[in-house]
K.L.:
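Submitted below is the structure of interest, expressed as structure tokens.
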Number of protein chains: 2
Amino acid sequence: MKNNLFTIGRLSEQTGCVVQTIRYYERIGLLPEPDRSPRGHRLYNEDILNRLKFILRTRQLGFNIEERRTFLELVDGGKYTCHKIRQKTLLHAQEIKRKIRDLKKMERELLKMTDQCNDGSGTDCSILATLFRN
Amino acid sequence: MKNNLFTIGRLSEQTGCVVQTIRYYERIGLLPEPDRSPRGHRLYNEDILNRLKFILRTRQLGFNIEERRTFLELVDGGKYTCHKIRQKTLLHAQEIKRKIRDLKKMERELLKMTDQCNDGSGTDCSILATLFRN
DNA sequence: GCTTGCAGCTATAGTTACTATAGCATGTAT
DNA sequence: ATACATGCTATAGTAACTATAGCTGCAAGC
Ligand SMILES: [Zn+2]
Ligand SMILES: [Zn+2]
Ligand SMILES: [Zn+2]
Ligand SMILES: [Zn+2]
């Protein structure tokens with residue numbers, strides 16, 4: 001039914017995405033160039049709103065720009081399979097898993113150091129000793 | 001005893017840190033400006049080697065540049081306490097913990113989506129449905 | 001004697017994904 | 001008339017490196 005068009009400020013409110021980022025996504029081609037008002041202001045529709053929401057959800061899930069772009073291209077082109085989408089998602093989940101593993105290792109080492117530290121008022125710190133050990 | 005000086009290439013080999021990064025650390029003040037050979041080449045000593053090793057260990061532990069700088073300043077100034085060092089380390093461990101928590105949330109959501117996906121050859125994908133849901 | 005290769009050097013740009021600023025135009029409210 | 005809000009473009013800044021371009025100087029091989 002409705003052709004309601006809205007400005008970038010409204011789109012920003014609807015999505016929680018800041019205005020500059022919306023323009024940025026347009027510049028790099030994740031969002032299409034929208035229509036403009038006579039004054040040159042961008043006018044968005046529901047389609048672009050949904051597209052932006054999609055981008056923001058994939059962002060929340062840690063997909064980088066190129067991954068998001070690939071998703072959008074697959075959907076735009078319509079020539080994808082469920083299997084392909086699942087593979088991309090699994091691949092990304094493995095990246096995340098690796099990051100978690102690396103961070104956990106850091107955390108373990110940090111806590112091991114703070115455990116050994118006597119927390120005193122002197123300058124003889126086992127944390128520094130560990131960091132400076134050869 | 002020994003005054004053995006070595007070039008940036010040797011320092012790079014000893015530490016595994018690439019040459020450009022060593023020069024970068026010098027530029028931003030983490031490493032001191034070393035002596036130079038008559039030809040203008042940097043000449044390093046054991047002290048700088050150990051300082052760089054320290055920087056690289058804190059890097060491995062995820063400390064950012066400013067945190068590394070603070071550590072070095074505390075040590076250089078000699079006016080720190082074991083307690084202070086431990087606090088900084090704990091604080092950083094908490095950052096790491098937060099990052100792990102965030103990544104785990106992403107991982108859970110990603111795996112939930114891939115679980116529900118039928119992995120088929122069609123285009124009716126529950127992952128996309130989730131990402132496009134309103 | 002000439003060329004090639006290597007190791008240094010400096011200065012500058014590129015990376016990622018935004019975010020912020022400067023400087024401008026226009027419409028509305030006081 | 002003035003201020004404020006919202007929009008615009010173009011450009012710079014962020015973090016922590018990494019890579020490139022273009023230079024010098026030394027040593028070895030032909
Ligand atoms: Zn990914
Ligand atoms: Zn301590
Ligand atoms: Zn930290
Ligand atoms: Zn699917």
K.L.:
In whole angstroms, how far is the P atom of D/dT18 from the CD1 atom of B/Ile65?
P.N.:
10 Å
K.L.:
Under 4.0 Å from OP1 or OP2 of D/dT9: is there any side-chain N or O of A/Arg36 that close?
P.N.:
yes
K.L.:
Checking the side chain of B/Tyr80 only, and the main-chain atoms of A/Thr123 only, is there a donor and an acceptor separated by less than 3.5 Å?
P.N.:
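A pair under 3.5 Å: yes.
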K.L.:
Would A/Lys99 and B/Asp102 pass as an ion pair if we require N to O under 4.0 Å?
P.N.:
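Judged by the 4.0 Å cut-off on N to carboxylate O distance, A/Lys99 and B/Asp102 do not form a salt bridge.
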K.L.:
With DNA chain C as reference, determine whether B/Arg27 or B/Gly9 sits nearer its 5' end, using the nearest nucleotide of each.
P.N.:
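The residue mapped nearer the 5' terminus is B/Gly9.
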K.L.:
Please report, rounded to the nearest Å, how far the C1' atom of C/dA17 is from the CG atom of A/Leu61.
P.N.:
17 Å
K.L.:
Roughly how many Å is it from CD in B/Gln60 to C1' in D/dA16, rounded to a whole number?
P.N.:
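Whole-Å distance recorded here is 16 Å.
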K.L.:
Starting at atom CD of B/Gln20, determine the distance to atom C1' of D/dA15, rounded to an integer number of angstrom.
P.N.:
17 Å
K.L.:
What does B/Ser37 touch in the nucleic acid at a heavy-atom separation under 4.0 angstrom: a base, only the sugar-phosphate, or nothing?
P.N.:
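No contact at all - B/Ser37 keeps every heavy atom at 4.0 Å or more from the nucleic acid.
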K.L.:
Scan B/Val18 against the nucleic acid and name what it touches under 4.0 Å (heavy atoms): base, sugar-phosphate only, or nothing.
P.N.:
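Sugar-phosphate contact only - B/Val18 comes under 4.0 Å of backbone atoms but never of a base.
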K.L.:
Please determine if a side-chain N or O atom of A/Arg39 lies less than 4.0 Å away from the OP1 or OP2 oxygen of C/dA25.
P.N.:
no
K.L.:
In whole angstroms, how far is the P atom of D/dC8 from the CZ atom of A/Arg23?
P.N.:
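Rounding to the nearest Å, CZ of A/Arg23 and P of D/dC8 are 5 Å apart.
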K.L.:
Look at the rings of B/Phe132 and A/Phe54 and say which category their plane angle falls in: under 30° parallel, 30 to 60° tilted, over 60° perpendicular.
P.N.:
parallel
K.L.:
Take atom OH of A/Tyr24 and atom C1' of C/dT19, then tell me their distance rounded to the nearest Å.
P.N.:
11 Å
K.L.:
Would one find a side-chain N or O of A/Tyr25 under 4.0 angstrom from OP1 or OP2 of C/dA17?
P.N.:
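A/Tyr25 to C/dA17 OP1/OP2: no side-chain N or O under 4.0 Å.
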K.L.:
Rounded to whole angstroms, how far apart are CG on B/Leu5 and P on C/dG8?
P.N.:
14 Å
K.L.:
Let me spell it out: for each of B/His41 and B/Glu66, pick the nucleotide of DNA chain D with the closest heavy atom. Which residue's pick is nearer the 5' end?
P.N.:
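By nearest-heavy-atom nucleotide position, the 5'-most residue is B/Glu66.
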K.L.:
Is any side-chain N or O of B/Arg42 closer than 4.0 Å to OP1 or OP2 of C/dC9?
P.N.:
yes
K.L.:
Should B/Thr21 be listed as having a side-chain N or O under 4.0 Å from OP1 or OP2 of D/dT18?
P.N.:
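Yes, B/Thr21 has a side-chain N/O under 4.0 Å of OP1/OP2 on D/dT18.
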K.L.:
Between B/Leu72, B/Ile65, B/Thr21, which is the residue that forms a side-chain contact (heavy atoms from CB on, under 4.5 Å) with B/Ile55?
P.N.:
B/Leu72
K.L.:
Quick one: which of C/dA17, C/dC18, D/dT18 gets closest to the side chain of A/Arg68?
P.N.:
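Closest nucleotide to the A/Arg68 side chain: C/dC18.
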K.L.:
In terms of side-chain geometry, is the basic nitrogen of B/Lys88 or B/Glu67 positioned less than 4.0 Å from the acidic oxygen of its partner?
P.N.:
no
K.L.:
Taking any heavy-atom pair under 4.0 Å as a contact, classify A/Ile28: base, sugar-phosphate, or nothing.
P.N.:
nothing
K.L.:
Rounded to whole Å, please give me the gap between CD1 in B/Ile22 and C1' in D/dA16.
P.N.:
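Nearest whole value for this atom pair: 15 Å.
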